[in-house]
Amino acid sequence: QVQLVESGGGLVQPGGSLRLSCAASRIIFSLNIMGWYRQAPGRERELVATMPSRGSPNYVDSVKGRFFIARDNAKNTVYLQMNSLKPEDTAVYYCYAQGLDGLGRTYDYWGQGTQVTVSS
């Protein structure tokens, strides 16, 4: 099964920046979508940003203009540059990938999550 490993989380002050990375391994299908979700305490998991293998990224409204997703297909890696961080960005961030097999079937893969804490 595809493995997703996140890195880059940590503690940052409000207004600061963090860059998350997610590397995929054991890939047997094309990863047509890679991205990030997050889950804050007491809240539902929400999509933060996605990047298809071809096309434009998508962002949740609350991070537009602050977060930027990038993808390196050659390295099977997706990044999330987070700028102007706010306390409400505090959450566990999960890497996500969607695999696509030769018959058009999709498969969802998840990383184990990395904690991002924005606090002074």
Side-chain angles (χ1 to χ4, degrees):
Q1 181 172 309
V2 172
Q3 303 290 315
L4 303 177
V5 180
E6 304 102 331
S7 62
L11 175 65
V12 65
Q13 296 184 8
S17 298
L18 284 174
R19 186 175 189 243
L20 305 182
S21 298
C22 172
S25 62
R26 302 184 185 181
I27 298 170
I28 58 174
F29 304 130
S30 298
L31 301 179
N32 60 314
I33 298 173
M34 297 188 74
W36 297 89
Y37 286 69
R38 68 184 180 186
Q39 187 167 24
R43 298 183 181 181
E44 298 293 325
R45 187 175 298 187
E46 68 171 350
L47 182 147
V48 178
T50 59
M51 175 68 82
S53 58
R54 300 177 182 177
S56 301
N58 298 293
Y59 301 94
V60 66
D61 286 345
S62 61
V63 309
K64 288 181 178 178
R66 300 189 298 119
F67 290 12
F68 301 92
I69 189 170
R71 179 173 175 174
D72 188 334
N73 289 331
K75 296 181 179 179
N76 296 310
T77 300
V78 64
Y79 308 91
L80 186 67
Q81 178 67 46
M82 304 185 293
N83 301 319
S84 302
L85 283 161
K86 305 174 181 179
E88 50 263 43
D89 295 317
T90 296
V92 177
Y93 284 70
Y94 296 91
C95 184
Y96 166 81
Q98 183 184 83
L100 180 68
D101 70 14
L103 298 179
R105 297 174 295 196
T106 61
Y107 305 83
D108 293 337
Y109 306 105
W110 294 92
Q112 64 183 3
T114 185
Q115 178 71 48
V116 172
T117 301
V118 184
S119 176
S120 60

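FYI, side chains are in, hydrogens and waters are out, and symmetry mates aren't considered; it's all heavy atoms of this structure.
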**Asked** Counting distance only, does the side-chain N/O of Arg71 pair as donor-acceptor with the main-chain N or O of Met51 below 3.5 Å?
**Response** yes

**Message:** The test is side chain to side chain contact (heavy atoms under 4.5 Å, CB included); show your working for Arg38 and Leu80 and say whether it passes.
**Reply:** CA-CA 12 Å; Arg38 68 184 180 186; Leu80 186 67; over 6 Å; no

**Prompt:** Hey, does the side chain of Arg26 reach the backbone of Gln3 with a donor-acceptor pair shorter than 3.5 angstrom?
**Reply:** no

**Taking every non-hydrogen atom, the tightest pair across Thr106 and Leu100** = CG2-CD1, 3.9 Å

**Item:** Over 12 non-hydrogen atoms of neighbours within 6.0 angstrom of CD in Gln112
**Value:** no

**Request:** Measure the acute angle between the ring planes of Phe67 and Tyr93, then classify it against the limits of 30° and 60° as parallel, tilted or perpendicular.
**Result:** tilted

**Request:** Examine distances only and state if a side-chain atom of Glu6 and a backbone atom of Cys22 form a donor-acceptor pair shorter than 3.5 Å.
**Result:** no

**Asked** Between Thr77 and Ala23, is there a donor-acceptor pair closer than 3.5 Å when you use the side chain of the first and the backbone of the second?
**Response** no

**Request:** Check Thr90 against Val118 and note the closest heavy-atom contact, atom names and distance.
**Result:** OG1-N, 2.9 Å

**Item:** Note: Asp89-Lys86 ion pair, threshold 4.0 Å (strictly below)
**Value:** no

**Request:** For side chain to side chain contact (heavy atoms under 4.5 Å, CB included), just list the numbers for Leu85 and Gln13, CA-CA rounded to whole Å, side-chain angles, deciding distance to a tenth of an Å, and then say yes or no.
**Result:** CA-CA 8 Å; Leu85 283 161; Gln13 296 184 8; over 6 Å; no

**Item:** Partners meeting salt bridge (charged side-chain N to carboxylate O under 4.0 Å, His left out) with Asp101 (sequence neighbours left out)
**Value:** Arg105

**Message:** To the nearest 0.5 Å, what is the distance between CG on Asn58 and CG on Leu47?
**Reply:** 7.5 Å

**Asked** What pairs meet the ring-ring contact (aromatic ring centres under 6.0 Å, His included) rule with one or both residues in residues 26-48, with sequence neighbours excluded?
**Response** Phe29-Tyr107, Tyr37-Tyr96, Tyr37-Trp110

**Message:** Count I, L, V, M, F, W, Y as connected when their side-chain heavy atoms are under 4.5 Å apart, and connections chain through other members. Are Val92 and Val12 then in the same cluster?
**Reply:** no

**Asked** Side-chain donor-acceptor pair under 3.5 Å between Asn32 and Ser53, yes or no?
**Response** no

**Item:** Same cluster (ILVMFWY, side-chain, under 4.5 Å), Tyr94 and Leu20
**Value:** no

**Complete:** Closest heavy-atom pair, Ala40 versus Ala91, reported as atoms and distance to 0.1 Å, is N-CB, 3.8 Å

**Distance in Å, Tyr79 OH paired with Met34 CE, rounded so as to fall on 0.5 Å steps** = 10.0 Å

**Asked** Between atom CG of Asp108 and atom CD of Gln98, what is the distance when rounded to the nearest 0.5 Å?
**Response** 6.0 Å

**Request:** Starting from the C-alpha separation in whole Å, work towards a yes-or-no answer on side chain to side chain contact (heavy atoms under 4.5 Å, CB included) for Ser119 and Leu11.
**Result:** CA-CA 7 Å; Ser119 176; Leu11 175 65; 4.3 Å; yes

**Item:** Test item: Leu31 and Val78 side chains (from C-beta on) under 4.5 Å apart, heavy atoms
**Value:** no

**Complete:** Heavy-atom closest pair (Val2 atom, Ala24 atom, distance to 0.1 Å) is CG1-CB, 4.4 Å

**Message:** How long is the straight-line distance from CG of Asn76 back to OG of Ser30, given to the nearest 0.5 Å?
**Reply:** 9.5 Å

**Request:** Could you tell me which non-hydrogen atom of Leu4 sits nearest to which non-hydrogen atom of Cys95, and how far apart they are?
**Result:** CD1-O, 3.8 Å

**Request:** Spell out, yes or no, whether Phe68 and Val116 are grouped together once hydrophobic residues are joined by side-chain heavy atoms under 4.5 Å, including indirect joins.
**Result:** yes

**Prompt:** Does atom CD of Glu44 have more than 12 heavy-atom neighbours from other groups under 6.0 Å away?
**Reply:** no

